[in-house]
Amino acid sequence: MKRDIKKEAEKIIHMFPRINSETDPYKVLVETVLSQRTKDENTEKAFKSLFSRYKNVFEISKLNPEELYDLIKPAGMYRQKSERIINISRILIEKYNGEVPDELEELIKLPGVGRKTANIVLYVSFGKEALAVDTHVHRISNRLGWVETKTPEETEVQLKKIIPSELWGPLNGSMVNFGQRICKPISPKCMECFLNEVCPSKRVYKNKSR
DNA sequence: AAAACGGGGGC
DNA sequence: GCCCCAGTTTT
């Protein structure tokens, strides 16, 4: 079976689309910070309770971290995240006129914003061709044999060489969904996987827990 | 390189 | 009861 990585990526995107209903840059930024190491369901609870109580960057910038604890608690790491969200809000007002910058170099200066969070904002809110390499993208790309890498940084460099840039953005969310449903960290469902004919890791995972 | 943050859910 | 989750920062 001849490999066509672009086709495989397109198939993953088609079968596991991720709908980003929210595109407001500030809300996407806050939502993505809340989502770090946190399941979607819990992220959503925290996000909704936060923005049903407070409206925008100006209101949130004036709060003390303690005032956010109970609102965002379902997302976990709520002390860190509360402080970061408020500090981010203050910096946006002081340095960026209350707007979210649309450059990677500026975004990653914000507290609690690394490459992954920044790239998600760049794609979802600004429509840029940004590849956000998280644990799912890193794990799946290696399992499929698209790359052979040790770190997410390496994965980002190698993936960008073999995946057309117009697929980078959609691939972000689709790899997460694919990773949650099929290509799971533990006990992946290789027998249900539509790529199991070409996947070099299939035999390894078949009938095994890892 | 490893630890720390963290509630909620899967197994 | 133990482990993991759209990571990032600090030690």
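Because the structure is a prediction, the values reported are computed rather than measured.
Taking the side chain to side chain contact (heavy atoms under 4.5 Å, CB included) definition, one finds that A/L144 meets it with A/R3, A/I12, A/I140, A/W146, A/L195, A/C199, sequence neighbours left out. Applying the side chain to side chain contact (heavy atoms under 4.5 Å, CB included) test to A/K161 and every residue at least two apart in sequence or in another chain returns A/V157, A/Q158. Evaluation of the side chain to side chain contact (heavy atoms under 4.5 Å, CB included) rule for A/R84 yields A/Q36, A/Q80 as partners, not counting sequence neighbours. Here A/E94 pairs with A/R90 under the side chain to side chain contact (heavy atoms under 4.5 Å, CB included) rule; sequence neighbours left out.
Listed by residue number, the members of residues 151-161 of chain A with any heavy atom below 4.0 angstrom from DNA chain C form an empty set. Near-neighbour residues of DNA chain C inside residues 174-183 of chain A, defined by a heavy atom below 4.0 Å, number-ordered: A/V176, A/Q180. For the segment residues 32-53 of chain A, the set of residues with a heavy atom within less than 4.0 Å of an atom of DNA chain B comprises A/R37, A/T38, A/K39, A/N42, A/K45, in numerical order. If you check residues 67-91 of chain A against DNA chain B, the residues with a heavy atom closer than 4.0 Å are A/K73, A/A75, A/G76, A/M77, A/Y78, A/R79, A/Q80, listed by number. DNA chain B lies under 4.0 Å from no heavy atom of any residue of residues 113-135 of chain A.
Side-chain atoms of A/S125 and A/D24 include no donor-acceptor pair closer than 3.5 Å. A donor atom on one side chain and an acceptor atom on the other are found under 3.5 Å apart for A/E129 and A/S165. For A/Y26 and A/S89, the side-chain atoms include at least one donor-acceptor pair closer than 3.5 Å.
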Under 3.5 Å for both distances, Watson-Crick or G-U wobble, that's the pair rule; now give the dot-bracket for DNA chain B, with | marking pairs to another strand and [ ] for crossing ones.
-> |||||.|||||
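On the P atoms, C/dC3 is 15 Å away from B/dA4, given to the nearest whole Å. When the P atom is used for both C/dG1 and B/dG6, the distance is 23 Å, rounded to whole Å.
Within the 3.5 Å criterion, the main-chain N or O of A/P164 finds no donor-acceptor partner in the side chain of A/K6. Side-chain atoms of A/S174 never come within 3.5 Å of backbone atoms of A/L171 as a donor-acceptor pair (strictly under, hydrogens ignored). Looking only at distances, a side-chain donor or acceptor of A/N119 sits under 3.5 Å from a matching main-chain atom of A/L131. Checked by atom type and distance alone, the side chain of A/T117 never pairs as donor or acceptor with a backbone atom of A/V33 at under 3.5 Å. In terms of modelled atom types and a separation under 3.5 Å, the side chain of A/T151 and the main chain of A/E154 share a donor-acceptor contact.
Annotation: the span from A/K202 atom NZ to A/N196 atom CG amounts to 4.5 Å, rounded to 0.5 Å.
When rounded to the nearest whole Å, the span between CD of A/E31 and C1' of C/dC5 equals 16 Å. Taking atom CG on A/L110 and atom C1' on C/dT9, their separation rounds to 14 Å, with Å as the unit.
A/K150 and A/H138 make their closest contact through O-NE2, 3.2 Å (heavy atoms, listed as atom of the first residue, atom of the second, distance).
Nearest-nucleotide mapping onto DNA chain C: of A/K109 and A/R18, the residue sitting toward the 5' end is A/R18.
Legend: side chain to side chain donor-acceptor pair (under 3.5 Å) pairs involving residues 41-62 of chain A, not counting sequence neighbours: none detected. Pairs engaging residues 69-110 of chain A under the ring-ring contact (aromatic ring centres under 6.0 Å, His included) rule: A/Y69-A/Y78 [sequence neighbours left out].
With a 4.5 Å cut-off on side-chain heavy atoms, A/S82 and A/I72 count as touching.
For the pair A/K11 and A/F194, the cation-pi criterion (under 6.0 Å, within 45° of the ring axis) is not fulfilled.
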